[in-house]
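The model shown is predicted, which means the values in this text are computed figures rather than measured ones. Naming convention: chains lettered A, B, ... in sequence-line order (proteins, then strands); numbering from 1 in each chain.
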Amino acid sequence: MAESKRYWLMKSEPSVYSIGDLQRDGSTSWEGVRNYQARNFMRDDMRLGDGVLFYHSNAKPMGIYGVAEVVREAYPDDTAFDPTSRYHDPKSDPAQPTWLMVDVGYVRTFTAPITLAALKEIPGLEAMMVIRKGSRLSVQPVTPQEWDVVMRIASE
DNA sequence: GCCAACGTTGGC
DNA sequence: GCCAACGTTGGC
């Protein structure tokens with residue numbers, strides 16, 4: 001039996017990379033993840049075709065702006081080896097890269113973002129990681145149920 | 001701009 | 001192995 005599709009939420013500061021940038025580019029490499037838990041999700045669980053909620057953090061307003069999908073599974077994040085990169089990590093050995101990235105492709109932008117404030121009020125999303133105070137994980141799993149709720153809200 | 005929450009580092 | 005100090009994230 002085929003593995004079923006999984007769902008994710010990925011955060012980006014729009015001043016760094018926005019969903020508008022992704023729409024323009026079509027797809028992008030998701031470099032710069034420097035958290036082991038987030039890396040492990042990308043390495044161990046994220047598969048081609050998985051759905052991604054595109055979240056803007058440090059934004060006005062903060063929230064889910066649209067949908068992307070995984071178009072390439074985890075591979076080494078070479079920005080870790082670039083001393084001029086803001087994501088440079090001198091401890092990462094090119095022969096055994098510490099950090100990985102995936103590629104995500106643009107799917108669609110919601111007609112209106114589902115704001116963080118709104119997410120907190122939606123029945124069925126109470127357990128969503130992103131609404132928890134202090135939740136800093138930039139790559140988070142989303143349950144199929146949560147995904148369905150978000151898609152339903154987005155189409156209203 | 002502030003600061004709480006969190007992950008990482010390093011001294012012991 | 002513990003935990004204080006530190007740097008960063010990210011909501012407010």
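Note: A:Y17 and A:F54 have tilted aromatic rings, judged against thresholds of 30 and 60 degrees for the angle between ring planes.
Of all heavy-atom pairs spanning A:R72 and A:V102, the tightest one is O-CB, 3.3 Å.
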* To do: Do nucleotides 4-12 of chain C as a string where each nucleotide becomes B, S or -: B if the base has a protein heavy atom under 4.0 Å, S if just the sugar-phosphate does, - if no protein is that close.
  => ---BBBBBS
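In this structure, CZ on A:R47 lies 5.0 Å from CD on A:E73, to the nearest 0.5 angstrom.
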Compile the donor-acceptor pairs under 3.5 Å between side chains in residues 79-86 of chain A and protein atoms, sequence neighbours left out, one pair per line.
residue : atom : partner : partner atom : Å
A:T79   : OG1  : A:R34   : NH2          : 3.1
A:T79   : OG1  : A:D77   : OD1          : 2.5
A:T79   : OG1  : A:D77   : OD2          : 3.4
A:D82   : OD1  : A:T84   : N            : 2.8
A:D82   : OD1  : A:T84   : OG1          : 2.7
A:D82   : OD2  : A:T84   : OG1          : 3.1
A:S85   : OG   : A:Y87   : N            : 2.9

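Within the nucleic acid shown, A:K60 has no heavy atom closer than 4.0 Å to any nucleic acid atom.
The existence of a salt bridge linking A:R24 and A:D21 is confirmed by a sub-4.0 Å separation between a basic side-chain nitrogen and an acidic carboxylate oxygen.
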